[in-house]
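What follows is a set of notes on a single structure, which appears directly below.
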Number of protein chains: 2
Amino acid sequence: MAQKGRDTVKQRMGKFGEEAPACVCFNIRKAARAISQLYDDVLRPSGLRVTQFSILAVTRRLGPVTVTRLAEETVTDRTTLTRNLKVLGQQKLIRITPGLDRREREVTLTDRGGAALAQAYPFWKKIQAQVTQRLGPDRYRRLLSDLRATLALARMN
Amino acid sequence: MAQKGRDTVKQRMGKFGEEAPACVCFNIRKAARAISQLYDDVLRPSGLRVTQFSILAVTRRLGPVTVTRLAEETVTDRTTLTRNLKVLGQQKLIRITPGLDRREREVTLTDRGGAALAQAYPFWKKIQAQVTQRLGPDRYRRLLSDLRATLALARMN
DNA sequence: GAAAAGTAGGTGTATATACACTTAGTCCTC
DNA sequence: GAGGACTAAGTGTATATACACCTACTTTTC
């Protein structure tokens, strides 16, 4: 009875505590933190983090590739990738050379980078197998598919 | 015929290009980056990032809460949370006070923090509704459920 | 062919993330 | 109740992330 036409903030957000756990973003981020820690932990003996492992792997697959293309493939902001590549370049795991179009830079996996990737591979394989096994094949496929859908949705705008 | 008992690195990693897209961690991280950008973009007028929004929301729900408890709830490394809380504290959105147990620190949402949350809420609500609508209720519930399973699995060790 | 438009990439700044280590306080055991 | 075990939190350091802005180069348009 204190107010009628106008809700208080408290009322408008009355269900907020219950809604927060439903936030798609919050939940994906939580899962990302947890799963990243797991993968990083298993990859640790290799000296590569999962982010670095992923970048090297994609670079290996795409051969000499521009920064922008690599950013698209990894769904990373280009400027973020620049910083990530810097670390890998310092460790001589990749090489960055000017492209024919002199605005472009081509990223190439070095021998050293290939060796690092090969060395890390069994660790990745092990944890990946464990995770997929524990999720079960159905849920695993479903999750990847739903994540793809979420990704597509997020980039839709 | 060059080698028989021993595979080359190339052979061992022959399918690597095809396996990388199947990496659970890589895919969750990609989705997390994309969805975070979307939420951050929509939340921008409110001045809160989705990470900050989440921390404030959880703080609001749990009332005065210790740093460790908040870290558990948000599945964030405690030292990460310390840094995140520092930013929120500087903006006076939270207050950090010594606990009864003098090792502990209690985090409380300030009035200013409550107001920021209330102001950001409609933006969150809007993008959350759009995302769940586009995913569809079934896939949305399934995704949250599978993410929970992944999270549990990752923390299992 | 010069100006404008468009494209590739980097920098400055700020937040987010977490490991290894440290500090400070509490509890527990004798 | 003193000493050691345990627990809560912060720091040093490094990587990850992305926005706003900038520079350099290429293409397009007249």
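All heavy atoms count here, side chains included; hydrogens, waters and symmetry mates do not. Residue numbers start from 1 in every chain, and the chains themselves are labelled A, B, ... in the order their sequence lines are given, proteins ahead of strands.
For D:dA9, one of the phosphate oxygens OP1 or OP2 lies less than 4.0 angstrom from a side-chain nitrogen or oxygen of B:Thr68. The side chain of B:Arg103 places no N or O atom within less than 4.0 Å of a non-bridging phosphate oxygen (OP1 or OP2) of C:dC27. Between A:Thr80 and D:dA18 there is a side-chain polar atom (N or O) within less than 4.0 angstrom of OP1 or OP2. Residue B:Asn84 has a polar side-chain atom (N or O) positioned under 4.0 Å from OP1 or OP2 of C:dT17.
Comparing atom distances between the B:Arg105 side chain and each of C:dT15, D:dA9, C:dT17 picks out D:dA9 as nearest. Listed nucleotides D:dC19, D:dA16, C:dA18 differ in distance to A:Arg49; the shortest reach to its side chain belongs to D:dA16. Closest to the side chain of B:Thr82, from the set D:dG10, D:dA18, C:dA8, is D:dG10. In the set C:dG25, D:dA9, D:dG10, the nucleotide with an atom closest to the side chain of B:Thr79 is D:dG10. Distance from the side chain of A:Arg102 is smallest to D:dT26 among D:dA18, D:dT26, D:dA16.
Distance, A:Gln52 CD to D:dA14 C1': 10 Å, rounded to whole Å. We find that CG of A:Leu100 is positioned 16 Å from C1' of C:dT7, with the value rounded to whole Å.
Within the 4.0 angstrom heavy-atom criterion, only backbone atoms of the sugar-phosphate kind lie near B:Arg29; the bases stay farther away. Looking at heavy-atom distances under 4.0 Å, B:Arg83 makes contact with a base. Residue A:Thr66 is in sugar-phosphate contact alone, with no base atom involved, counting any heavy-atom pair closer than 4.0 Å across all strands shown.
For A:Arg78 and C:dT11, a side-chain-to-base donor-acceptor distance below 3.5 Å is absent, hydrogens and geometry of angles not being considered.
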